[in-house]
Amino acid sequence: MIRRTITLATTALLLAASAIGQVRQRIDSGWQFVRQDMSNAWEVFRPVQPGKPESVPLWQSVSLPHCYNADDGVEPRANYYQGAAWYRTYLTISNPYPDGHTLLEFEGAGQKTEVYADTIKVGAHIGGYDRWTVDITRFGNGRLPIAVRCDNSRDVEMIPSDLSDFCLYGGIYRHVSLLYMPNRYIEDVRIDVSGNTVTIAPEHRLNVEIIDPNGKRVYSGDNRKPITIANPALWDVDTPRLYTARITYGEQLIVKRFGLRTFEFREHGPFYLNGRRLLLKGTHRHEDHAGVGAAMTDSQTRREMQQIKDMGANFIRLGHYQQSDLVLELCDSLGLLVWEEIPWCRGGAGGDRYQQQAHRMLTNMINQHRHHPSVILWGLGNENDWPGDFSTKVDTLAIRRLMTSLNGLAHRLDPLRMTTIRRCEFCADIVDVYSPSIWAGWYSRRYTDYREMEQSAIRRYPRFFHAEWGGDSHAGRHAEGGFDIEAGDRNGDWSESYIVRLFDWHLKEQSLMDSLTGSAFWTFKDFCTPLRPDNPIPYVNQKGVCQRDGTPKESYYVVQSYWSGKPMLHIYGHSWPIRWGSEGEEKEILVYSNEPEVELFVNGRSYGKKLRSITDYPAQGFHWRVRLVEGANIVRAVSATLVDEITCEYQTARWGTPAQIRLSCDNNFVTVQICDEKGIPCLDSDHWIEFSLIGEGRLHQNLGTATGSSRIQAANGRASIRLDAWGEYAVAAKCYVSGKTLMSIKKKSEQ
């Protein structure tokens, strides 16, 4: 039997054709793109005649992955483009297999896609996040024009909903590959692992070779019976040991990696991996990055996943959609347990087309990623109690019906894993593991109420996991004092000073709760969202412990100090150039470290050594009260093996109403400081600042970062943007204060 689609686990760019095998070739280069709709595929390839109207539109050369909202997703003055765009290329087909099959494999394209060979429509797909293929065998070998139409237009009858708090990107934002397959091949090979027993696609007769993590062959034979592996090397978050299955079907070779492990969510109790209690320490990830949107490069993805592991995490929720094979492979190899979910996020229950898509996306996600040992939870939805796209009233019965159907489908497809959702109370009884909404200190109550809220949930839900906690922070914004936990918290305070204390408290409490399965803070990186135009960085959800380009905020090091086993030491305040207060006033210095002992020096004077103690809040005991001097202060922290040092100014002069802005350029950065009429920096100002440039240069804008936005709220009266200049230029900054516009202009000659 010949199957016309294929799913492979290999990530090689090119596998040489051989007696047993197939050829995979990425086709990331040689593409052209236009961000508008065309009337048909013939118009895409219509011959260009110079000087004729038929010559427009103008196509631009691009490489894949490519996202056509990479720039405008965080454009502060306009909505991001939601509509059709076209890609085109010419392929040279050379299939080495007699009577073989030629396929195009798309790892992800958003959100609706049509594929044309010459002018013939050869395939279409709805959904931006699962892998799919198109058969172009009938066109034979030779040169073949390929056109791809992507469309992320608003459509209430598809998921994800436009009510989702993330950007529904458009484009071919994951890799495309050309596959040459032999005449007879199978669509996929299913690998299921239970204990030390491996079942491999019993519906097909296959030859199987299994290689253990040390490279030793432990099985060679067929797949007619489940395969038992004696003395298995277990996959674990600390030692992610992976087996390799080499599976042949005629001339076809499929290579997949898998792991052996057990897990358990005990009722009203903790989580166990391979029989030992493990506190799940997690975060969340969107496929989103400054400058590229969803079209992250492989190196960017690898760096981000390594940052997550280096932080000390052992768990990740892939929100809110199926992510690339590379992400799952990295979770397997790094030791990150996974909650992966379909993008049924808000929106309601929809009609038949909507619900069929939900079922199809769940089926594809499970079938394509079930062999990954990192995956323990299949997510069926997120915030499905939200008022939807079809009515202001939540249709609880329709949502329960769809949720029940999806839950049954997940268990039929994969009876070895558990199902989960976050925040839909009237569906909590349907899934295996439930996560209610608990945002202590941000959206509700005080962060000191966290333990009470958490333990109440542990008692209420048979299997509970805490997904999403934390709060927003504007990188570079800090606050002095006002954090007396007995006096109450400062919900909505966007300073890094507040958020590190919120994180600190949560992490302390989590480490002391014996019955907690674990948690995942929201989220690892800031990301683009159309729902937040008025945030300090417009259209950016700023709850990340890293900025949108991966630059760590102060909160990253708080997490690392609790979770990481690798020695670390970090003085709070690397992004805080000027502190303020009265002369002689004591100021708190925090040091985040997992070292057993730290000594603090300020301006060369020792303020003593302190021992690490989880219960000594804040900073696990590494907190000192010191007196800073007017002007520059050198703060130095020393442990047995590590040293960290910062220099900060201390300002005692009191400022008045903002009356002027001072503009400077240094080391390719343009910086604005808001001052009063006497020139004293206004260190509590959060007024809006806009940058512009005339001349031979470029501002790094629309990146959604603290130094990559042309419109941004000040952080302690300051804002910066990166500038590349190659000739004469003039840079300007505007600040809006109480209906007045403050402006400053600098020319290159004045720098």
Side-chain angles (χ1 to χ4, degrees), residues 26-75 77-92 104-129 132 134 136 139 143-155 158 162 167-178 287-297 528 530 698 701-703:
R26 279 195 179 162
I27 49 173
D28 290 345
S29 61
W31 290 85
Q32 290 185 310
F33 161 77
V34 64
R35 196 171 80 166
Q36 68 174 64
D37 208 355
M38 309 288 282
S39 58
N40 53 36
W42 178 83
E43 188 180 19
V44 171
F45 290 107
R46 181 166 52 192
V48 174
Q49 301 180 39
K52 298 291 185 69
E54 290 84 358
S55 299
V56 296
L58 297 177
W59 293 75
Q60 59 176 302
S61 296
V62 298
S63 296
L64 303 184
H66 180 266
C67 174
Y68 58 75
N69 302 116
D71 184 71
D72 70 356
V74 291
E75 161 58 52
R77 301 167 187 84
N79 294 324
Y80 77 105
Y81 176 78
Q82 289 185 273
W86 284 80
Y87 296 82
R88 68 184 185 186
T89 192
Y90 287 89
L91 301 181
T92 300
L104 278 177
E105 180 188 71
F106 292 79
E107 295 184 21
Q111 295 284 320
K112 302 175 184 176
T113 311
E114 298 173 352
V115 183
Y116 297 82
D118 201 352
T119 59
I120 300 171
K121 185 176 179 179
V122 292
H125 186 77
I126 295 178
Y129 311 104
W132 50 282
V134 174
I136 55 174
F139 298 97
R143 195 166 185 258
L144 181 65
I146 295 291
V148 181
R149 180 183 186 270
C150 293
D151 186 3
N152 67 336
S153 299
R154 300 175 73 88
D155 184 347
M158 70 174 290
D162 280 290
C167 190
L168 276 61
Y169 284 118
I172 309 177
Y173 43 67
R174 294 183 190 162
H175 295 293
V176 176
S177 296
L178 186 63
E287 197 167 60
D288 183 278
H289 195 81
V292 297
M296 292 183 66
T297 65
C528 169
R698 178 175 71 96
Q701 57 187 354
N702 297 337
L703 299 179

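In what follows, residues are counted from 1 in the order of the sequence shown.
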Closest approach of Y173 and P65, non-hydrogen atoms and distance?
O-CB, 3.3 Å

Does any part of the side chain of Y87, heavy atoms only, come nearer than 4.5 Å to the side chain of H66, both counted from C-beta?
yes

Closest heavy-atom pair, E75 versus N702, reported as atoms and distance to 0.1 Å, is OE1-ND2, 3.2 Å

Is there a side-chain contact between C528 and Y80 in this structure, where contact means two heavy atoms from C-beta onward sitting under 4.5 Å apart?
no

Is it true that a side-chain atom of T119 and a backbone atom of W42 form a donor plus acceptor pair closer than 3.5 Å?
no

Can you check side-chain contact (heavy atoms from CB on, under 4.5 Å) on K112 and D155, steps first, answer last?
CA-CA 10 Å; K112 302 175 184 176; D155 184 347; 2.6 Å; yes

Is there a side-chain contact (heavy atoms from CB on, under 4.5 Å) between N69 and N152? Walk through the geometry before answering.
CA-CA 10 Å; N69 302 116; N152 67 336; 3.2 Å; yes

Provide the closest heavy-atom pair for S153 versus A84 in the form atom of the first, atom of the second, distance.
OG-N, 4.4 Å

For the student: nearest non-hydrogen atoms of C67 and A294, plus distance:
SG-N, 3.8 Å

Rounded to the nearest 0.5 Å, how far does OG of S177 lie from CZ of R26?
5.5 Å

4.5 Å side-chain heavy-atom contact, Q111 and Q82
no

About how many Å separate CH2 of W132 and CD of E107, when rounded to the nearest 0.5 Å?
12.0 Å

Per the side chain to side chain donor-acceptor pair (under 3.5 Å) rule, which among T113, D37, N40 passes with R149?
D37

Atom pair CE (M296) and CG (D288), whose distance is rounded to the nearest 0.5 Å:
8.0 Å

Once rounded to the nearest 0.5 Å, what's the spacing between atom CD1 of I146 and atom CZ of R88?
13.5 Å

Yes or no on side-chain contact (heavy atoms from CB on, under 4.5 Å) for I172 and F33, after CA distance, side-chain angles and deciding distance?
CA-CA 10 Å; I172 309 177; F33 161 77; over 6 Å; no

Measure the CZ-CG distance between R35 and D72 for me, rounded to the nearest 0.5 Å.
4.5 Å

Considering all heavy atoms of both residues, which atom of W86 and which atom of Q36 are nearest to each other, and what is their separation?
CD1-O, 3.4 Å

Is any side-chain heavy atom of V134 closer than 4.5 Å to a side-chain heavy atom of Y116?
no

side-chain contact (heavy atoms from CB on, under 4.5 Å) evaluation trace for V292 with T297:
CA-CA 9 Å; V292 297; T297 65; 5.6 Å; no

Heavy atoms only: give me the nearest Y68-G171 pair and the separation to one decimal.
CE2-N, 3.3 Å

Answer yes or no: is there a side-chain heavy-atom contact under 4.5 Å between I136 and L178?
yes

Separation between SG (C167) and CG (D162), nearest 0.5 Å, reads 9.5 Å

Got L91 and L104 here, is their nearest side-chain heavy-atom distance under 4.5 Å?
yes

Tell me if a side-chain donor or acceptor on R174 pairs with a main-chain N or O of G108 at a distance below 3.5 Å.
no

Aromatic ring centroids of H125 and F106 under 6.0 Å?
no

